[in-house]
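Everything numeric here is computed off the predicted structure, so don't read it as measured data.
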Amino acid sequence: YSVAPIAVLTKQKFNGSVNPEALVTLFLAANALATALEPTVLASLGLRRTIIFGAFLLMFGNIIKSGGIPGLTDTAIEDEQGWRIYVGFLLLGL
């Protein structure tokens with residue numbers, strides 16, 4: 001889920017409105033938070049529901065990050081919609 005290898009391309013695509021280093025930092029911070037909360041979530045939801053919850057977070061994060069579901073909610077990500085990238089990476093980190 002990292003844009004670090006393509007940081008230059010990311011900056012070009014979004015005209016500098018998306019900072020690749022901030023995306024990596026956001027993902028790692030969300031991952032650290034989720035790791036700290038994992039025992040509590042696991043104890044309250046159980047293993048199966050925790051895995052399903054994590055899968056849904058990944059799914060929604062990727063849908064938001066990519067711009068939608070083709071044919072259903074397909075919208076191009078424009079320069080002013082860079083927030084979708086940040087929200088997607090936050091959900092992916094969880």
Side-chain angles (χ1 to χ4, degrees):
Y1 302 114
S2 178
V3 294
I6 56 167
V8 174
L9 297 175
T10 303
K11 286 182 182 178
Q12 289 173 353
K13 167 68 178 157
F14 295 102
N15 296 325
S17 65
V18 174
N19 183 353
E21 292 83 10
L23 288 176
V24 172
T25 303
L26 177 66
F27 175 81
L28 292 175
N31 196 275
L33 176 66
T35 300
L37 295 176
E38 182 265 334
T40 306
V41 173
L42 190 58
S44 64
L45 295 180
L47 181 60
R48 181 171 187 250
R49 288 185 183 145
T50 300
I51 291 171
I52 292 171
F53 179 65
F56 275 115
L57 286 176
L58 286 172
M59 180 184 71
F60 288 129
N62 280 314
I63 288 172
I64 291 170
K65 186 175 73 166
S66 68
I69 301 170
L72 186 61
T73 61
D74 192 25
T75 56
I77 297 178
E78 303 297 329
D79 295 337
E80 65 274 359
Q81 295 178 340
W83 65 268
R84 294 167 98 178
I85 302 293
Y86 288 100
V87 171
F89 267 81
L90 175 69
L91 290 175
L92 291 176
L94 295 175

Worksheet item: What's the spacing between Leu90 CG and Ile85 CD1 if we round to 0.5 Å?
Response: 13.0 Å
Would you be so kind as to tabulate the donor-acceptor pairs closer than 3.5 Å made by side chains of residues 38-58, with sequence neighbours excluded?
residue, atom, partner, partner atom, Å
Ser44, OG, Thr40, O, 3.2
Ser44, OG, Val41, O, 3.2
Thr50, OG1, Gly46, O, 2.6

Worksheet item: Which pair of non-hydrogen atoms, one from Ala34 and one from Gly93, has the smallest distance, and what is that distance?
Response: CB-O, 4.1 Å
Worksheet entry | Any residue meeting side-chain contact (heavy atoms from CB on, under 4.5 Å) with Ala22, in chain and number order, not counting sequence neighbours | Asn19, Tyr86
Worksheet item: For the atom pair CG (Asn62) and CG (Leu92), what is the distance rounded to the nearest 0.5 Å?
Response: 4.5 Å
Discussion item. Please identify which of these residues, Leu28, Leu23, Ile64, meets the side-chain contact (heavy atoms from CB on, under 4.5 Å) condition with Phe89.
Written reply: Leu23
